[in-house]
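Within every chain, numbering begins at 1; the chains are lettered A, B, ... in the order of the sequence lines, protein sequences first and strands thereafter.
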2 protein chains.
Amino acid sequence: MTKAVGRPPRSETEIIEFRTKVSQHAMALYRQDGFEAVSIRRLSKAVGCAPTTLYAHFAGKTEILMLLWAEVLAEMAEHVQASVKTTSDPAERLKAAALAFVSYWIDHPDHFRLVFMSNDVGRSDVDSFIETGDVLGYFQMFADLIRNLDPKPGDVKVRTDALVAGMIGVSLCSITVRNYPWSATSMITNQVIEGITA
Amino acid sequence: MTKAVGRPPRSETEIIEFRTKVSQHAMALYRQDGFEAVSIRRLSKAVGCAPTTLYAHFAGKTEILMLLWAEVLAEMAEHVQASVKTTSDPAERLKAAALAFVSYWIDHPDHFRLVFMSNDVGRSDVDSFIETGDVLGYFQMFADLIRNLDPKPGDVKVRTDALVAGMIGVSLCSITVRNYPWSATSMITNQVIEGITA
DNA sequence: GGATTATTTGGAACGCGTATTAAATAATGT
DNA sequence: ACATTATTTAATACGCGTTCCAAATAATCC
């Protein structure tokens with residue numbers, strides 16, 4: 001019953017500790033100097049390892065960015081949750097949540113670009129933010145708000161999907177298409193949820 | 001009255017001819033081998049000039065990509081226009097146009113990524129597709145369809161903005177968030193325009 | 001042909017993300 | 001201490017977008 005000779009593989013604890021360390025440094029760089037500061041070379045220096053070591057732990061830079069996504073999405077969810085607490089009327093809660101969602105991204109365009117538009121997001125071989133943290137939980141949050149409006153059961157899913165897509169569309173357009181005279185964001189958002197609360 | 005000595009600057013014709021040449025080669029590379037094939041080095045070889053010459057004519061790669069945007073957007077507009085011709089009922093025309101818009105991008109995810117998600121699109125110092133070709137004309141097309149529904153005049157602008165943002169949101173989500181079980185795109189799209197046709 | 005001026009070129013450089021590989025280092029058992 | 005094995009490292013390389021700059025080339029006039 002002899003243990004294997006040689007250096008043992010990384011333990012579960014070591015793996016998690018390293019990933020956490022990388023995540024913290026990546027987030028610090030991002031918050032301090034923006035997205036461009038999160039380069040592999042700069043991040044490895046901050047962590048205190050060689051650039052190639054990052055590739056031994058992560059599939060690529062996008063996987064590292066996903067750690068940032070999780071933090072941003074959690075922050076957005078808190079913001080939305082806080083807005084829902086301001087009222088108890090189902091339609092008003094939904095409206096408040098939608099407005100909070102859109103305003104969060106518009107107030108943090110860098111975050112939006114990080115999560116929705118960075119590093120080949122959307123490529124067929126690149127995962128999206130749906131794999132990050134409890135994102136389905138965020139979708140569920142909106143689904144619950146819609147269910148409280150008491151629509152037909154089969155409608156909840158379609159309405160939820162349309163709501164999420166609509167809110168993301170409003171955020172994207174406001175952030176990226178700045179030289180078009182959009183109506184007030186709140187008005188567009190309310191128009192988008194018009195058919196969802198009907 | 002002697003003309004200046006020395007080589008004259010590029011004529012208007014020369015400028016346009018070169019830009020057209022670059023545009024054609026960029027489009028050929030893009031259609032043949034995808035977005036990644038449109039590299040400065042590869043494009044300059046195809047055009048038959050030095051890489052730095054491209055920078056003498058364009059502010060950067062993004063400006064070259066805008067030439068591709070114009071072509072893609074024109075193609076999308078044709079697709080949408082063709083769908084509108086299938087019916088004469090205002091609400092049905094709007095629905096057909098919205099579905100055609102969304103299906104165009106979903107059928108051409110590379111085009112969507114090219115126009116909405118490539119090369120720092122959304123950065124505060126980078127222009128968006130709104131500067132490309134007759135984009136305001138495309139917005140106007142949807143505005144006209146909505147105006148034919150006879151809503152209150154002040155409503156047309158908000159409804160148009162919400163429609164465009166909603167359609168783009170649906171396209172973005174379908175293309176980038178593939179590992180979430182979205183409802184059928186047509187159902188989401190119809191739900192998005194529910195409050196616009198009401 | 002020479003002078004002048006604008007344009008293009010070639011070469012080098014930078015940091016980027018990523019990949020490769022031999023060497024160095026670390027962590028174990030005997 | 002040595003052997004073994006896993007991990008990390010350093011160095012190099014690639015193509016990417018972009019920049020710089022002197023030299024080469026092109027297009028004019030005299």
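- Ring pair B:Y104/B:H111 is tilted by interplanar angle, where 30° to 60° counts as tilted.
- The aromatic ring centres of A:F112 and A:H108 sit 6.0 Å or more apart.
- In this structure, A:F18 and A:H57 have tilted ring planes: the angle between them lies in the 30° to 60° band.
- Across residues 39-58 of chain A, A:S39, A:I40, A:R41, A:T52, A:Y55 each have a non-hydrogen atom less than 4.0 Å from an atom of DNA chain C (numbered order).
- B:H79 is linked by a side chain to side chain donor-acceptor pair (under 3.5 Å) to nothing, counting only residues two or more places apart in sequence or in another chain.
- Ring-plane geometry between A:F116 and A:W105 is classed as perpendicular, the angle between the planes exceeding 60 degrees on a 0 to 90 degree scale with a lower cut at 30.
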- Message: Could you go through A:E17 and A:R10, starting from their C-alpha distance and side-chain angles, then the distance that decides it, and tell me whether this counts as salt bridge (charged side-chain N to carboxylate O under 4.0 Å, His left out)?
- Response: CA-CA 11 Å; A:E17 280 180 350; A:R10 301 180 211 117; over 6 Å; no
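- Proximity of residues 6-13 of chain A to DNA chain C (heavy atom under 4.0 angstrom from any strand atom) is restricted to A:G6, A:R7, A:P8.
- Across the interface with DNA chain C, nearest-nucleotide mapping of B:F18 and A:E14 shows B:F18 to be the residue nearer the 5′ end.
- Nucleotide D:dG17 holds its P atom 9 Å from the CG atom of B:L65, rounded to whole Å.
- At distances below 3.5 Å, not a single donor-acceptor pair connects side-chain atoms of A:E194 with backbone N or O atoms of B:I196.
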- Message: Show, in sequence, the C-alpha distance, side-chain angles and deciding distance for B:R7 and B:E14, and conclude whether the salt bridge (charged side-chain N to carboxylate O under 4.0 Å, His left out) test is met.
- Response: CA-CA 14 Å; B:R7 180 176 181 173; B:E14 285 172 322; 5.9 Å; no
